[in-house]
Amino acid sequence: MIKDYEVEKTLRKAYDVCIIGAGPAGITLALRLAEAGWRVVLLEGGGHEYSPRSQAFYRCTSTGLELYAEETRLRYLGGTSNHWAGRCRPFTVSDFANAPPVDLPGWPIPYGEIERYLPAAMDIVDLPQGAEFRTVNAGLGGDEFDADRFLLSPPTRFAQKYAKALDETAGLDVFINCNCVDLDFDEAAGQLKAAVVSDYARNRQRVVASTFILATGAIENARQLLNSTTLVGAGVIKKDGLTGCCLMEHLNVDMGTFILKDGQGTEPRQYYTTDTFVSEYRAGKGNVSTTVLTDVQTYGRTAEVKHFLENLACEMGLASKIDFVAKFSCPGDGVISTMIEQFPNAHSRISLLDEKDELGVSKVNVNWALSATDRHTIKCIGSELAKQFAEMGLGFVKLNDYVYDTDLALKVQPHAHHMGTTRMAASPEFGVVDSDCKVFGTDNLYVAGSSIFATGGASNPTMPLLQFALRLADHLDARLKAARGERV
Ligand SMILES: Cc1cc2nc3c(=O)[nH]c(=O)nc-3n(C[C@H](O)[C@H](O)[C@H](O)COP(=O)(O)OP(=O)(O)OC[C@H]3O[C@@H](n4cnc5c(N)ncnc54)[C@H](O)[C@@H]3O)c2cc1C
């Protein structure tokens, strides 16, 4: 049943599973585990709808590249699925088999571990059973770029689609406006004893369970761990350790423009780097979208022009606006956008600030940073694309100079895909959670969501994070049964 914690604080004395955060990961886990017969509580910080008061808890500072960390997350029931676009692309075998060319390992498990959960994850986001991830165009012709393969979810809004199930599933308590403000770890037992929750009047209460899952999104998962004085005091979470490090995004680089040769169709195309490209260049993966602007449209980048014109009369700062318009691509130009893999690097990280939020939780600074290997990936994808366009007789690509001159500042945008801040590894030397998604050094604290990604490939994260959530639900079901003495 869904209850408002501001009105009703009727927690059970103890739960089998306590899940913090009701986005796609938390909702999926809560329903699976409650349907399996466990007593589950799902704690959601926001309400049924967006509210500035809840969203304010996502405010943070930034010292690196601009991640728009507040704008690219939503803090209410359903989480960021209230905004997501629904693009789904599964990981592949090579995402898990290839170690990244950096000083951190890749995945400690093979792709087969989550592949079997693909049909169920597709069902959760309303993709037809058995549907093939399809291409919208042919590949580029050489060995380096295939056509990209993806499917579009409607997109599924988790709070709406699963409202009835969240309200009616037996054994499941859902509390909205219920903010987790601390994690209470018992060092001697090696166990988390309670999640501490608060209402807006700062009344705190302990939620007791035998198993806990953090599912608050990649930035908050790390923040909650770093904020826990008992986890830090016990040395389980080290402030200068890997928790919060390796923040990865998918890179949307403004690569440049192109002109198509006569006779080439002007429909948008999407390409994806092959495994041959990755091994040949020792570079990351990437999606490249090429679009010819045939008309001034009222969405995407052209919406910014419309917005500019609408606001010209009432806003100042004309110099930057004129610069923006001067550089804007006109109808007829081809524009190239990308979704490129970022490799894990420890300098790209979130860390705690001294300043606290309204409920006494330390705020975070986001330092989103790229490394030389990322610039190498961008350069290889750009130059290989330009080469292929010429060789295949498609047209002419003009790359922006920062694509091949890696000393110049890069023009890059994030994709709202936050990953890697509690990365999975075979040992605590290289990660925060083990191959079962359990926090190293604890016996009963798990993490769900894309913060566990060891590498992010160039696949949209939501469907894979659902595959991991389904795998975790199976693991916990078996573990809880074993603890109860049942045969599994
Ligand atoms: C504009 C946009 C478009 C996107 N498009 C795509 C796409 O096409 N394909 C794709 O794969 N992904 C896309 N994404 C990313 C996608 O939305 C996320 O991958 C997904 O929502 C992550 O799910 P999650 O459950 O891990 O986290 P979230 O959805 O962020 O949910 C976390 C939940 O935790 C709650 N919470 C946070 N802190 C606390 C606390 N202290 N106590 C209690 N509760 C708390 C939040 O309120 C929230 O409900 C997009 C994102 C944006 C912004």
Side-chain angles (χ1 to χ4, degrees), residues 5 18-30 41-51 54-58 67-91 121 124-125 127 150-159 174-183 195-199 207 213-225 227-228 249-250 252 287 339 357-361 364 414-419 421-422 447-453 456-469:
Y5 190 70
C18 168
I19 301 164
I20 304 154
I27 289 178
T28 300
L29 276 152
V41 63
L42 177 61
L43 310 172
E44 167 54 43
H48 278 295
E49 301 292 340
Y50 171 85
S51 84
S54 174
Q55 191 68 20
F57 290 112
Y58 275 169
L67 192 80
Y68 305 101
E70 192 190 339
E71 293 80 1
T72 51
R73 301 180 285 162
L74 283 176
R75 201 176 184 283
Y76 64 102
L77 192 65
T80 313
S81 80
N82 289 298
H83 259 184
W84 82 308
R87 190 179 193 276
C88 297
R89 183 189 208 283
F91 277 131
I124 289 170
V125 293
L127 298 179
F150 61 92
L151 284 172
L152 290 175
S153 160
T156 304
R157 307 286 176 218
F158 279 66
V174 183
F175 286 94
I176 58 169
N177 293 314
C178 185
N179 288 284
C180 179
V181 292
D182 200 3
L183 301 170
V196 181
V197 294
S198 176
D199 62 12
V207 184
I213 307 169
L214 262 181
T216 53
I219 295 173
E220 300 304 300
N221 282 349
R223 180 185 178 194
Q224 289 288 330
L225 293 173
N227 181 66
S228 163
E249 250 285 2
H250 288 133
N252 188 3
N287 159 290
M339 203 177 92
D357 69 20
E358 191 190 337
L359 297 179
V361 180
V364 290
H415 266 281
H417 300 164
H418 309 148
M419 303 169 284
T421 51
T422 66
V447 181
S450 48
S451 65
I452 63 144
F453 286 11
S459 298
N460 307 70
T462 307
M463 198 182 58
L465 73 82
L466 293 175
Q467 290 170 262
F468 273 106

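Bear in mind the structure is a predicted one, so any value in this text is a computation, not a measurement. Counting starts at 1 for both ligands and their atoms, following the listed order.
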**OP:** Under the side chain to side chain contact (heavy atoms under 4.5 Å, CB included) rule, collect the residues that match up with Ser153, sequence neighbours excluded.
**Re:** Trp84, Cys88, Val125, Leu127, Pro155, Thr156
Subject >> Those residues that, when tested against Glu358, pass side chain to side chain contact (heavy atoms under 4.5 Å, CB included) (two or more places apart) >> reply: Arg53, Phe57, Tyr200
Original post:
CD1 of Ile176 to CG of Leu43: how many Å apart, nearest 0.5 Å?
Top reply: 12.0 Å
**OP:** Check whether any side-chain heavy atom of His415 lies under 4.5 Å from a side-chain heavy atom of Asn287, and answer yes or no.
**Re:** no
Which protein N or O atoms sit under 3.5 Å from any N or O of ligand 1? Give atom names and distances.
from     : atom 1 : to     : atom 2 : distance (Å)
ligand 1 : 5 (N)  : Ala85  : N      : 2.9
ligand 1 : 8 (O)  : Gly86  : N      : 3.1
ligand 1 : 8 (O)  : Arg87  : N      : 2.8
ligand 1 : 9 (N)  : Arg87  : O      : 2.9
ligand 1 : 11 (O) : Pro461 : N      : 3.4
ligand 1 : 11 (O) : Thr462 : N      : 2.9
ligand 1 : 11 (O) : Thr462 : OG1    : 2.9
ligand 1 : 12 (N) : Thr462 : OG1    : 2.9
ligand 1 : 19 (O) : Thr462 : OG1    : 2.9
ligand 1 : 25 (O) : Pro24  : N      : 3.1
ligand 1 : 25 (O) : Ala25  : N      : 3.0
ligand 1 : 29 (O) : Thr80  : N      : 2.8
ligand 1 : 30 (O) : Thr80  : OG1    : 3.0
ligand 1 : 41 (N) : Cys180 : O      : 3.1
ligand 1 : 41 (N) : Gln224 : NE2    : 3.1
ligand 1 : 42 (N) : Cys180 : N      : 3.0
ligand 1 : 44 (N) : Gly45  : N      : 2.9
ligand 1 : 47 (O) : Glu44  : OE1    : 3.4
ligand 1 : 47 (O) : Glu44  : OE2    : 2.5
ligand 1 : 47 (O) : Tyr76  : N      : 3.4
ligand 1 : 49 (O) : Glu44  : OE1    : 2.7
ligand 1 : 49 (O) : Glu44  : OE2    : 3.4
ligand 1 : 49 (O) : Tyr76  : O      : 3.1
ligand 1 : 49 (O) : Gly79  : N      : 3.3

Subject >> Partners passing side chain to side chain contact (heavy atoms under 4.5 Å, CB included) against Ala448 (at least two apart in sequence or in another chain) >> reply: Ala25, Leu29, Ile213, Ala215, Leu472
Original post:
Is Glu220 salt-bridged to Arg75, cutoff N-O under 4.0 Å?
Top reply: no
